[in-house]
Amino acid sequence: MLDILVYEEKQQMAADEAGPCLEYLLQHKILETLCTLGKAEYPPGMRQQVFQFFSKVLAQVQHPLLHYLNVHRPVQKLLQLGGTVPGSLTEKEEVQFTTVLCSKIQQDPALLTYILEGKKIIDKKKASRESTTLPNKAASHREALDRDPEPGGAQASNAQLPAETEEPDSGTGERNLITSLIGLCKSKKSRVALKAQENLLLLVSVASQAAATYLVQSSPCCRAITEHLCQLYQSLPSFLDPADIAALEGISWRLPSAPSDEASFPGKEALAAFLGWFDYCDHLIMEAHMVVADALAKAVAEKLFVETLQPQLLNVCEQSILTSTALLTAMLRQLRSPALLQEAVTFLLGTEWQAEAPEDGPHTLCAHLIGHCDHLSDEISIATLRLFEELLQKPHEWIIRSLILHNLEGRPYVARSSPEPENYEDTLDLEEDPYFTDGFLDSSFQPSSKPPPVPTTNSDGKTAVTEIVNSFLCLVPEEAKTSAFLEETGYDTYVHDAYGLFQECSSRVTSWGWPLSPTPLDLHEPERPFFEGHFLRMLFDRMSRILDQPYSLNLQVTSVLSRLALFPHPHIHEYLLDPYINLAPGCRSLFSVLVRVIGDLMQRVQRVPQFPGKLLLVRKQLMGQVPGEQLDHQTLLQGVVVLEEFCKELAAIAFVKFPPHGPHLNLSPPP
């Protein structure tokens with residue numbers, strides 16, 4: 001039959017006319033009959049042959065066929081036959097059939113409504129269709145193409161169907177092209193699943209606004225894709241280790257299975273399947289028509305983020321918080337599409353900024369997550385800090401604005417009452433600081449250098465970057481430094497790393513239109529109370545406890561702070577990286593927090609016998625050079641090592657942001 005139809009079409013003079021053989025196929029409902037035989041599997045193996053025949057006819061016959069009732073109705077019924085049983089023997093033929101259909105829809109988006117109408121809709125419309133001719137049936141869709149070759153063809157096509165083909169099948173009444181593709185995406189055969197995903201991608205990227213709107217409003221497209229995502233999430237074991245989740249990288253929808261060379265852990269395959277489908281959803285949203293992309297992003301946000309993840313993030317069960325936070329971090333790491341990123345940011349941070357006050361309770365999800373960063377469980381604190389670190393690397397201005405910048409607007413952290421300081425001693429007031437009393441400074445454990453000299457300034461009165469770098473490098477006393485003993489490149493390595501990270505961060509924020517210099521101070525404006533915001537307060541509080549916290553937690557806190565310091569906004573530069581700003585009463589900056597930690601350290605190390613030797617041993621342990629044995633004061637000693645490295649990292653960030661011989665975006669402008 002196929003050969004005859006193709007041969008006949010080649011002989012036709014007029015391309016838009018159907019030959020007698022094609023007329024016969026349509027008038028006598030050959031495709032309906034084949035569909036019935038395929039459904040009955042009579043003879044055995046017939047379904048496979050029918051799928052192949054339909055695919056070849058639609059692909060090889062050039063005459064538009066899918067607009068005919070006697071073609072698109074059996075096509076719909078054939079779609080209902082596919083995928084009824086997982087691991088169906090006809091999966092290969094089914095996916096080939098959907099490939100042809102999606103290709104036809106891409107060429108002519110108006111076909112979408114013909115193919116997607118489910119069986120229930122057909123049954124509902126059958127009576128009205130029987131009373132009209134085929135060209136009138138869908139004149140509103142495609143009048144020119146929706147035709148029969150001869151008047152007799154129209155009459156024949158409106159005849160009653162055989163009883164078996166009319167009977168509704170309650171089990172598959174909802175099945176159509178979308179549900180068939182989703183079913184095939186779940187196939188255990190990776191090539192079938194991949195081809196089905198590619199077909200679905202083809203379908204959602206249709207160029208027509210009308211077709212995209214139909215997909216969103218009249219098909220189960222977004223719902224079916226999101227339901228499968230939520231099912232995969234629900235099938236994850238509840239005991240996943242956050243470290244395993246973080247280590248599982250390189251999962252994509254084209255290669256959803258985890259690399260075989262990675263260590264196995266319980267739930268690895270389920271996790272890879274979920275992250276693979278999430279990556280696919282993200283890719284769909286990126287490639288789909290804007291109407292479909294927005295609808296799918298909102299569906300994922302509502303069903304996965306709000307209805308599934310949020311209750312787990314707010315749960316009292318620590319395991320639930322830990323696993324859901326780690327999974328959300330993994331999703332953020334994979335997320336690329338702007339529409340889904342917008343939904344994720346809205347979910348985590350809201351859409352409107354509310355003025356923050358120190359006494360505010362956690363009434364939003366963001367406030368709860370910030371609270372989790374200072375949780376009794378160190379594991380939860382580390383996992384949530386990782387989440388925020390991942391969030392800070394996303395190209396969305398609202399993230400940094402809502403967490404940090406809103407609180408720094410107008411520079412209320414700078415004192416208004418007195419002019420900018422004339423010298424460094426005025427800013428530190430060491431004599432008044434309880435950690436720096438005269439008696440203590442006369443003790444045997446002295447800072448490595450006398451208080452830094454008056455900072456060098458440029459012609460415009462701004463602090464030179466070399467002074468800022470030296471302030472951080474000299475902050476830790478020589479007696480508490482150990483990197484010099486181990487032939488480490490130290491600061492130079494940090495400069496190299498910071499340069500790459502700063503370039504990456506700068507390119508991400510280029511389009512945000514940030515100013516090059518801080519807002520000038522209005523000395524006539526009354527001072528208003530400054531609150532750094534819950535996020536920075538949490539980080540500063542954590543930083544102030546660096547000598548009493550576990551090593552892994554300290555690494556994560558300093559990692560988030562260095563990410564913040566990299567942002568090229570003048571207020572962030574000033575507040576986090578300038579030691580010389582004249583802070584308003586009661587305010588603290590990152591540098592002032594570090595100064596207090598150093599003061600605390602200098603008092604405590606006097607109570608640690610053989611401090612320098614033990615400190616060097618701990619650093620060697622952390623570097624894996626000597627076996628890790630338990631020591632007295634181990635947490636304190638590890639905290640000192642982190643503190644030294646963090647000060648070098650901050651110095652390196654300040655250096656790459658304002659190279660001494662390059663253009664200056666300097667800090668601390670005068671009023």
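Everything quoted here is computed from the prediction, not taken from an experiment.
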Looking at every non-hydrogen atom in both residues, tell me the closest pair between [X] and [Y] and how far apart they are.
X: Leu349; Y: Cys366; result: CD2-SG, 3.5 Å
X: Ala651; Y: Val469; result: O-CG2, 3.6 Å
X: Leu313; Y: His372; result: O-CE1, 3.0 Å
X: Val306; Y: Pro311; result: O-CD, 3.4 Å
X: Val206; Y: Ala211; result: CG2-CB, 4.0 Å
X: Pro570; Y: Pro515; result: CD-O, 3.2 Å

Decide yes or no for [X] and [Y]: does some side-chain heavy atom of the first lie under 4.5 Å from some side-chain heavy atom of the second?
X: Ile598; Y: Leu643; value: yes
X: Glu397; Y: Val509; value: no
X: Ile399; Y: Val345; value: yes
X: Trp512; Y: Arg401; value: no
X: Asp279; Y: Ile251; value: no
X: Gln334; Y: Leu275; value: yes
X: Asn199; Y: Leu203; value: no
X: Lys394; Y: Arg508; value: no

Between [X] (side chain) and [Y] (backbone), is there a donor-acceptor pair under 3.5 Å?
X: His571; Y: Thr519; answer: yes
X: Ser208; Y: Pro109; answer: no
X: Arg416; Y: Val414; answer: yes
X: Ser544; Y: Val593; answer: no
X: Trp398; Y: Gly350; answer: yes
X: Lys648; Y: Asp492; answer: no
X: Thr384; Y: Cys373; answer: no

Calculate, to the nearest 0.5 Å, the distance between atoms [atom1] and [atom2] belonging to [X] and [Y] respectively.
X: Asn554; Y: Arg545; atom1: CG; atom2: CZ; value: 10.0 Å
X: Glu356; Y: Leu403; atom1: CD; atom2: CG; value: 8.5 Å
X: Met286; Y: Leu335; atom1: CE; atom2: CG; value: 9.0 Å
X: Leu340; Y: Lys298; atom1: CG; atom2: NZ; value: 11.0 Å
X: Ile468; Y: Leu577; atom1: CD1; atom2: CG; value: 7.5 Å
X: Leu650; Y: Thr558; atom1: CG; atom2: OG1; value: 9.0 Å

Checklist entry - Does the pair Gln556 and Arg542 meet the rule for a side chain to side chain contact (heavy atoms under 4.5 Å, CB included), with working shown? => result CA-CA 10 Å; Gln556 197 55 56; Arg542 276 291 187 195; over 6 Å; no
Should the pair [X]-[Y] be classified as a salt bridge under the 4.0 Å nitrogen-to-oxygen rule?
X: Asp244; Y: Lys268; answer: no
X: Glu644; Y: Arg619; answer: yes
X: Lys481; Y: Glu645; answer: no
X: Asp541; Y: Arg588; answer: yes
X: Glu390; Y: Arg563; answer: no

Checklist entry - Of Phe274, Trp277, Phe305, which meets ring-ring contact (aromatic ring centres under 6.0 Å, His included) against Tyr233? => result Phe274
Modelled atom types, side-chain donor and acceptor of [X] and [Y], under 3.5 Å:
X: Arg386; Y: Thr325; result: no
X: Glu532; Y: Tyr575; result: no
X: Ser337; Y: Asp282; result: yes
X: Ser252; Y: Tyr280; result: no
X: Glu574; Y: Tyr413; result: yes
X: Glu649; Y: Ser562; result: yes
X: Ser559; Y: Glu389; result: yes
X: Gln342; Y: His396; result: yes

Next on the checklist: Evaluate Leu564 against Ile400 for side chain to side chain contact (heavy atoms under 4.5 Å, CB included), listing each step before the verdict.
Outcome noted: CA-CA 8 Å; Leu564 286 174; Ile400 188 71; 3.6 Å; yes
Item to check | Neighbour count above 12 (heavy atom, 6.0 Å) for His496 NE2 | outcome: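 No, not enclosed.
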Assess the pair [X] and [Y]: is the distance between their ring centroids shorter than 6.0 Å?
X: His573; Y: Phe567; value: no
X: Phe472; Y: Phe591; value: yes
X: Phe388; Y: Phe535; value: yes

Item to check | Among Leu566, Ile653, Val656, side-chain contact (heavy atoms from CB on, under 4.5 Å) partner for Leu501 | outcome: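 Between Leu501 and the candidates, side-chain contact (heavy atoms from CB on, under 4.5 Å) is satisfied uniquely by Leu566.
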Item to check | Verdict with reasoning, Tyr499 to Val495, per side chain to side chain contact (heavy atoms under 4.5 Å, CB included) | outcome: CA-CA 6 Å; Tyr499 181 77; Val495 170; 5.5 Å; no
Next on the checklist: Applying side chain to side chain contact (heavy atoms under 4.5 Å, CB included) to Leu304 and Thr226, what does each step give before you reach the verdict?
Outcome noted: CA-CA 8 Å; Leu304 180 65; Thr226 310; 5.5 Å; no
Checklist entry - Taking the inter-plane angle between the rings of Trp514 and His569 on a 0 to 90° scale, is it parallel (under 30°), tilted (30 to 60°) or perpendicular (over 60°)? => result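 Ring orientation of Trp514 relative to His569: perpendicular.
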